[in-house]
Amino acid sequence: MEPYIKCAECGPPPFLLCLQCFTRGFEYKKHQSDHTYEIMTSDFPVLDPSWTAQEEMALLEAVMDCGFGNWQDVANQMCTKAKEECEKHYMKHFINNPLFASTLLNLKQAEEAQNADMAIPFHPADDPPRPTFDSLLSRDMAGYMPARADFIEEFDNYAEWDLRDIDFVEDDSDILHALKIAVVDIYHSRLKERQRRKKIIRDHGLINLRKFQILERRYPKEVQDLYETMRRFARILGPVEHDKFIESHARARTYDHLKKTREEERLKRTMLSEVLQYIQDSSACQQWLSRQADMYGYSRRSAPPLNLTGLPGTEKLNEKEKELCQMVRLVPGAYLEYKAALVNECNKQGGLRLAQARALIKIDVNKTRKIYDFLIREGYITKA
């Protein structure tokens with residue numbers, strides 16, 4: 001009970017004493033009677049000079065217990081303030097206070113920033129608002145009446161009409177009696193469906209539609225679209241399970257990306273360890289390189305040498321030129337044209353670079369390099 005004593009040297013957790021124990025010099029474990037202390041009390045003004053902090057807390061608890069607007073019940077629970085005082089103080093300091101509004105806005109923005117990448121569960125609306133009849137909020141809530149947990153117009157609202165003319169009498173025939181029983185059973189099944197739908201709405205927080213929409217808008221756009229698409233599955237799962245279901249789908253792309261990254265890092269580590277293992281052994285290193293080429297599709301089966309038998313121009317080639325044409329798979333006539341063009345250009349320029357040879361010969365760059373190297377090696381042309 002207030003006031004009480006808090007030791008300024010012990011803790012955490014804080015060491016608290018009532019006034020009676022404090023006056024007797026009570027000591028316990030590490031706490032000594034000569035420690036410095038603080039006198040704890042909420043008997044001081046906060047928002048209004050005539051209201052103490054203890055009364056402020058009592059007012060908030062009373063409004064939470066009795067409901068907003070029931071000021072007589074709030075005053076009766078507080079015992080220290082009248083009905084008019086409670087209403088005036090609450091409206092002035094907790095509803096129309098611009099300082100509180102801006103503070104709550106900042107807190108909301110900070111909370112949204114903190115939870116931007118986290119799941120936002122739609123908690124059940126245990127305490128929906130109580131709007132006045134036929135107001136905009138009442139229409140948004142489909143005429144839901146929180147005190148009765150019913151709607152003004154229920155699902156399958158005219159289900160009871162089928163029972164209005166049914167009356168069980170003693171002289172009913174067996175067939176008529178069975179028919180009436182069947183009609184009652186059908187009515188019971190329609191009531192169960194009505195209750196099932198109400199439970200889904202209540203559990204998923206759909207009664208307070210605005211609150212639901214505000215929470216939903218806190219998700220990124222792609223997750224909002226996913227919610228809209230998967231909303232039909234909410235009737236199968238509970239509210240928390242449905243949120244987890246949506247969240248898992250929303251994070252699936254991130255999971256796949258991280259999984260691929262982990263696999264790539266694992267392959268790199270494995271490849272590095274194998275390189276370090278085989279780097280001292282040249283034959284083992286060549287075998288490893290061949291395996292890597294086969295694994296990643298780098299190896300390519302070499303084509304067989306070109307058969308020059310019967311091809312025009314073969315008789316004009318020496319043995320080394322025939323071998324070159326066979327390995328490069330170049331017909332002799334084309335080789336002789338390329339050779340003549342390169343030799344003429346080399347004589348004009350006084351030398352020839354590989355880039356110039358590639359500009360003159362519009363064929364595969366690897367074949368051009370082999371022809372260029374061969375002509376230099378045999379002395380037909382010189383490098384620039």
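Nothing here was measured: the structure is a model prediction, and the numbers come from that model.
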Exercise. Under the side-chain hydrogen bond (donor to acceptor under 3.5 Å, both in side chains) criterion, do Gln77 and Asp73 qualify, and how do the steps go?
Worked result: CA-CA 6 Å; Gln77 180 169 325; Asp73 296 337; over 6 Å; no
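- Neither Met57 nor Phe94 shares a network with the other; the hydrophobic side chains, linked directly or stepwise wherever heavy atoms of I, L, V, M, F, W or Y lie under 4.5 Å apart, form separate groups for each.
- The number of heavy-atom neighbours closer than 6.0 Å to OH of Tyr37, taken from other residues, nucleotides and ligands shown, is 12 or below.
- Here Arg197 pairs with Glu193 in a salt bridge; the nearest charged N to carboxylate O distance falls below 4.0 Å.
- The number of heavy-atom neighbours closer than 6.0 Å to CD1 of Ile363, taken from other residues, nucleotides and ligands shown, is above 12.
- Annotation for Glu321 and Lys316: closest pair OE1-O, 4.2 Å, computed over non-hydrogen atoms.
- Annotation: side chain of Ile181 is in contact with side chain of Phe168 (closest heavy-atom distance under 4.5 Å).
- Under the 4.5 Å side-chain heavy-atom criterion for Ile, Leu, Val, Met, Phe, Trp and Tyr, Leu308 and Met327 are members of distinct hydrophobic clusters.
- Ring geometry, Tyr28 versus Phe15: the interplanar angle falls under 30°, so the pair is classed parallel (tilted spans 30 to 60°).
- The local environment of NE2 in His35 is crowded, with over 12 non-hydrogen atoms from other residues, nucleotides or ligands closer than 6.0 Å.
- In terms of heavy-atom proximity, Val183 sits nearest to Asp162 at CG1-O, 3.9 Å.
- The heavy-atom pair separating Pro332 from Pro312 by the smallest distance is CB-O, 3.7 Å.
- Within 6.0 Å of OH on Tyr158 lie no more than 12 heavy atoms contributed by other residues, nucleotides or ligands.
- Minimum heavy-atom separation, Ile361 to Leu342: CD1-CD1, 3.5 Å.
- Connection of Leu336 to Leu375 is established within a shared hydrophobic cluster, with ILVMFWY side chains joined at heavy-atom distances below 4.5 Å, either directly or through further cluster members.
- More than 12 heavy-atom neighbours from other residues, nucleotides or ligands sit within 6.0 angstrom of NZ on Lys322.
- When all heavy atoms of Trp51 and Glu85 are compared, the closest pair comes out as CZ2-O, 3.7 Å.
- Under the 4.0 Å criterion applied to side-chain N and carboxylate O atoms, Glu154 and Lys198 are assigned as salt-bridge partners.
- Screening Glu56, Lys81, Glu55 for a side chain to side chain donor-acceptor pair (under 3.5 Å) with His89, the sole residue that qualifies is Glu56.
- By the 4.0 Å N-to-carboxylate-O rule, Lys260 lies too far from Asp256 to be salt-bridged with it.
- Put simply, the side chain of Asp34 does not reach to within 4.5 Å of the side chain of Glu27, judged on heavy atoms.
- The 12-atom threshold is not exceeded at CD of Glu323, counting heavy atoms of other residues, nucleotides or ligands nearer than 6.0 Å.
- Between Leu19 and Pro3, the shortest heavy-atom contact is CG-O, 3.5 Å.
- Checked by atom type and distance alone, the side chain of Lys180 pairs as donor or acceptor with a backbone atom of Asp167 at under 3.5 Å.
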